[in-house]
Amino acid sequence: MRYAILLMGAPYSDQASHSALRFARALVARGHRLEAVFFYHDGVYNAARLAAPPQDEPHLVDGWVALHDEHDVALQVCIAAALRRGLMDAREATRHGKEGHSVAAPFELTGVGQLVDLGQRCDRLVTFGP
């Protein structure tokens with residue numbers, strides 16, 4: 001089966017991000033195809049490249065990157081939700097006249113249309129939220 005995940009919870013604020021990552025790993029371990037994870041609302045904080053959790057906590061950003069690297073899972077971040085929260089890639093930082101950026105590849109800023117497309121292409125769209 002082909003899956004997509006919609007993640008709306010911020011990392012370290014509630015269980016949503018950790019549960020979504022564990023679910024994603026379980027999916028691919030069972031032979032399913034995870035097409036993409038769409039980060040929406042406070043879930044966009046999962047793409048913050050400057051996150052530095054204490055060493056005794058899981059590094060969720062690195063976990064998502066590893067999932068992408070190992071299983072070619074697209075990591076799509078809602079651009080409107082990200083910009084509202086001060087998260088942007090280098091291109092958007094330049095466009096808005098900001099000095100730095102906080103979202104880096106493999107996370108990509110996309111629109112909500114990508115979420116709609118995932119819902120149509122995949123057999124299941126599983127949502128994790130606070």
Side-chain angles (χ1 to χ4, degrees):
M1 289 189 79
R2 292 173 20 167
Y3 283 82
I5 293 175
L6 169 60
L7 178 52
M8 298 187 295
Y12 313 109
S13 295
D14 54 54
Q15 193 63 32
S17 297
H18 192 255
S19 294
L21 183 56
R22 291 182 63 207
F23 180 78
R25 287 182 177 152
L27 278 178
V28 296
R30 303 245 340 173
H32 297 288
R33 172 73 182 136
L34 179 58
E35 295 287 325
V37 179
F38 191 90
F39 301 93
Y40 196 41
H41 294 287
D42 284 345
V44 299
Y45 288 119
N46 284 277
R49 73 177 180 93
L50 300 175
Q55 290 181 350
D56 62 338
E57 292 182 15
H59 198 301
L60 295 173
V61 176
D62 287 352
W64 292 117
V65 171
L67 184 72
H68 165 80
D69 292 345
E70 295 164 15
H71 303 286
D72 195 32
V73 176
L75 303 176
Q76 300 175 341
V77 181
C78 175
I79 189 167
L83 291 177
R84 248 183 235 113
R85 290 162 176 83
L87 297 172
M88 59 191 69
D89 62 11
R91 191 182 89 205
E92 288 299 314
T94 300
R95 188 167 82 89
H96 291 280
K98 302 296 181 183
E99 292 182 21
H101 66 280
S102 53
V103 175
F107 294 95
E108 59 180 315
L109 296 179
T110 63
V112 175
Q114 295 292 348
L115 176 59
V116 173
D117 182 58
L118 285 172
Q120 292 176 340
R121 283 189 299 125
C122 296
D123 300 306
R124 300 283 186 271
L125 175 63
V126 182
T127 301
F128 292 84

Which heavy atom of [X] sits nearest to which heavy atom of [Y], and what is that distance?
{"X": "Pro53", "Y": "His59", "answer": "CD-CD2, 3.3 Å"}
{"X": "Val77", "Y": "Ala82", "answer": "CG1-CB, 3.9 Å"}
{"X": "Leu125", "Y": "Gly119", "answer": "CD2-CA, 4.4 Å"}
{"X": "Pro130", "Y": "Ala16", "answer": "N-CB, 4.4 Å"}

Pairs satisfying salt bridge (charged side-chain N to carboxylate O under 4.0 Å, His left out), at least one member in residues 117-130, at least two apart | Glu35-Arg121, Asp117-Arg121

Scan residues 9-25 for pairs that pass salt bridge (charged side-chain N to carboxylate O under 4.0 Å, His left out), counting only residues two or more places apart or in two chains.
-> none

Who are the ring pair (Phe, Tyr, Trp, His ring centres under 6.0 Å) partners of His32, not counting sequence neighbours?
-> Tyr3

Residues forming a ring pair (Phe, Tyr, Trp, His ring centres under 6.0 Å) with Tyr12, sequence neighbours excluded = none

Are [X] and [Y] connected in the hydrophobic side-chain network, where two residues link if heavy atoms are under 4.5 Å apart?
{"X": "Tyr40", "Y": "Ile5", "result": "no"}
{"X": "Val44", "Y": "Phe38", "result": "no"}
{"X": "Leu27", "Y": "Phe39", "result": "yes"}
{"X": "Met1", "Y": "Val28", "result": "yes"}

Rounded to the nearest 0.5 Å, how far does CD1 of Ile79 lie from CG of Asp89?
-> 7.0 Å

So CZ of Arg49 and CG of Leu87: to nearest 0.5 Å the spacing works out to 11.0 Å

Residue pairs, two or more places apart or on separate chains, that pass ring-ring contact (aromatic ring centres under 6.0 Å, His included) and touch residues 110-130 | Phe23-Phe128

Side-chain donor-acceptor distances from residues 61-75 under 3.5 Å, at least two apart:
residue : atom : partner : partner atom : Å
Trp64   : NE1  : Asn46   : OD1          : 3.3
His68   : ND1  : Val73   : O            : 2.8

Output all residues satisfying side chain to side chain donor-acceptor pair (under 3.5 Å) with Arg95, sequence neighbours left out; order by chain, then residue number.
-> Glu92

Quick one: list whatever passes side chain to side chain donor-acceptor pair (under 3.5 Å) with Asp42, sequence neighbours left out.
-> Arg85

Mind checking what makes side chain to side chain contact (heavy atoms under 4.5 Å, CB included) contact with [X], not counting sequence neighbours?
{"X": "Thr127", "value": "Leu6, Met8"}
{"X": "Ala80", "value": "Cys78, Arg84"}
{"X": "Thr94", "value": "none"}

Cut-off 3.5 Å, no hydrogens considered: what does the side-chain donor-acceptor table look like for residues 98-114, sequence neighbours left out?
residue : atom : partner : partner atom : Å
Ser102  : OG   : Met88   : N            : 3.4

